[in-house]
Amino acid sequence: MTTPVNWLPGMDITAGRLGAMAQATSLLVTNFGADASGSTSAAPGIQLALNAARDLGGAQVIVPPGVYLIGQTLRIYNNTRLSLMAGAEFRRAHAGTMLINGDSGQALGGYTGHSRITIEGGLWNMRGTSTGLTASAMCISIGHASDIVIRDLEVRDLPGFHAIELNSTRHGTVSGCQFRGYVDPGGRDFSEAVQIDLAKSSGVFGGFGPYDHTPCEDILVTGCHFGASGTAGTTAWPRGIGSHSATITRWHRRIRIIGNSFEGLLQYAVSAYNWEDAAISTNAFVDCGSGVRLRTVILSDPEDTKLPDGTQTGASQSMRNLVVSGNTFRSSGAYDDPIVAFGETSGQVLNLTVTGNTISASSGGQNGIRLKQVQRSAVTGNAVTGIAGTAISTEDCQNLTIVGNQLHTPGAHGITLVTDEHVTVADNQVMYPGNNGVLIQGGNNLHLRGNYIRSPGRATNNVWYGIRISTSASSVSLSGNKARPNGSGNEARYGLSITSTCSLIQRYGNDWRGSQWTGGEAPNNGAGIGVNDEGSTSANTTATDLST
């Protein structure tokens, strides 16, 4: 009696049945004529194996060790697992994409395209410096799909586009991959190794339509490395993970960037453009032009401010629910700040937590953490050391808490609040800032409590302050703060300075002592050494409750 090929519930699991099942569902590309010597294109044989998997309703396609010239775009279909064994290399030999899910003429909208696909293993060599292969090209392109896993592979020396594009994809995972080496053929200094994008137009996703503006959802990128290959004529990637197109009323949602390493990237390692419900956690950033950017739709980009039907809104849109936590940033470059959240007046960054990050050293005057047009945000428990600019810089923010941060030797200020509203700055340590410990310019309903500032004004003698409040700031309370001069070298003028344009100031229980303040005895209402309060006529310095 012939052993059944398929196992059904109730059948015994025998070696024969298992062997027959494996033969039926595992397809060796060399059995379909794929040349593993690297001398002729293996693409026709590999495509036959992928077609066979499609016709079976799904199978594993196995690529044994060897070099496989890819002379045409490969197409992968539903329920297929493409596995490159250790020692297998896909070596691009045509000026186009290496692999895409589905056919160019398909019109499967939403997430209904070819799905439930796993791509794993091997070296995917894009050869972006080779003659005839220098024009922009994609390595792996996925669109209108769900349940995609790409893991444990290396993409090397890609020109122009992206190593992996997840476009209009839901439930996608990229794990354990290496992205090494990039070539800019001209005008592509912003490309991401892993792009998260939406089906906006053929110019955004050229594989196939429909262009229904389907975004990405539930994407995880973890355990990957982004950097340089060392190949002559290549650089590290401009950007590691991100997006650079948008449509109003659409967002990429539930994006998780966890436990990756970024080394030597030229611009943003992570560019979360128009993302919501996103977490960027426990990543390592070394020598990158910038670390993490959280950006709402850019108002000056006329394509991104359109509705799906093409109507121009002339407006941005808010993005919300974002966490940047437990990351390390070392030697950030001059492109932008290590962590920057940037909104527009018509589209703010909402519900942001920046916590437990360690930022060490930057160049080019960059700040450590910068927030602009951000609402309902918490910046807590971060350690920022040796930043060229301001350690924590905020502007036009509302409902913000800056609590328990360790800020050491910033080249400019420790913390700045510029035209902010409803902000609490508490229990921070600001050590040896070049300029002011805390600078407030404008804004209202600001609360400074229990902060310690040591040796402000180290950059220039007799210019700066421990805490400086100016530019018509209103309704500011200070309690339990402490500022101390250094005792030698450059010193700040006063521990506290409040200009005459400020109003509704309440201060009590602060400690500004130190004979080294360079301003001496301030004349303003006998404020005393360490304090120059030109708003004393309106300041309340009692510790009693205020009811009028």
Side-chain angles (χ1 to χ4, degrees), residues 390 392-398 400 402 410 412-426 428 430 433-485 490-548:
T390 294
I392 299 175
S393 171
T394 70
E395 181 179 358
D396 297 330
C397 294
Q398 297 178 341
L400 170 64
I402 302 173
H413 312 289
I415 299 170
T416 59
L417 310 180
V418 179
T419 57
D420 292 346
E421 296 181 347
H422 313 298
V423 178
T424 296
V425 179
N428 301 282
V430 183
N435 301 162
N436 300 297
V438 178
L439 171 63
I440 295 174
Q441 293 181 327
N444 62 78
N445 292 301
L446 311 174
H447 316 281
L448 276 66
R449 182 182 68 249
N451 300 286
Y452 175 55
I453 301 165
R454 176 59 194 267
S455 306
R458 299 301 290 160
T460 311
N461 192 55
N462 193 32
V463 172
W464 308 104
Y465 306 90
I467 296 176
R468 171 74 163 176
I469 304 174
S470 67
T471 324
S472 302
S474 175
S475 189
V476 182
S477 65
L478 301 95
S479 61
N481 300 287
K482 180 177 180 179
R484 282 287 185 270
N490 292 340
E491 298 282 12
R493 297 189 67 191
Y494 296 104
L496 172 66
S497 172
I498 304 173
T499 66
S500 61
T501 61
C502 300
S503 61
L504 298 177
I505 307 298
Q506 180 195 20
R507 58 179 180 85
Y508 62 89
N510 302 287
D511 183 351
W512 317 112
R513 290 175 292 180
S515 61
Q516 294 84 11
W517 303 116
T518 61
E521 187 78 17
N524 308 107
N525 302 306
I529 293 174
V531 178
N532 184 20
D533 185 354
E534 297 178 3
S536 288
T537 55
S538 63
N540 189 301
T541 59
T542 68
T544 58
D545 292 338
L546 303 177
S547 58
T548 58

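Counting from 1, the numbers follow the sequence of the chain as shown. From a predicted model like this one, the values you see are computed outputs, not experimental measurements.
Across all their heavy atoms, Gly414 and Val430 have their closest contact at CA-CG1, 3.7 Å. Shown here for Pro456 and Gly466, the closest heavy-atom pair between the two residues is CG-CA, 3.7 Å. Taking all atoms of both residues into account, the shortest heavy-atom contact from Arg454 to Pro485 is NE-O, 3.3 Å.
Residues passing the side-chain contact (heavy atoms from CB on, under 4.5 Å) test with Ser497 are Tyr465, Arg468, sequence neighbours excluded. For Ser515, the side-chain contact (heavy atoms from CB on, under 4.5 Å) criterion is met by no residue, not counting sequence neighbours. In this view, Gln441 and Val418, Leu439, Ser470, Thr471 satisfy the side-chain contact (heavy atoms from CB on, under 4.5 Å) rule, not counting sequence neighbours.
In this structure a side-chain-to-backbone donor-acceptor pair under 3.5 Å is present from Asn451 to Asn428. A distance-only check finds no donor-acceptor pair linking the side chain of Asp420 to the backbone of Gln398 [under 3.5 Å]. Asn435 places no side-chain N or O within donor-acceptor distance of the main-chain N or O of Gly457, the cut-off being under 3.5 Å.
Looking at heavy atoms from C-beta onward, Thr390 lies out of side-chain contact with Pro410 at the 4.5 angstrom threshold. Taking the side chain as every heavy atom from C-beta outward, Arg484 and Asp511 approach each other to under 4.5 Å. At least one side-chain heavy atom of Ser479 sits less than 4.5 Å from a side-chain heavy atom of Arg449.
Atom CG in Leu478 sits 6.5 Å away from atom CD1 in Ile440 (nearest 0.5 Å). Here CG of Asn481 is found 9.0 Å from CG of Leu496. Values are rounded to the nearest 0.5 Å.
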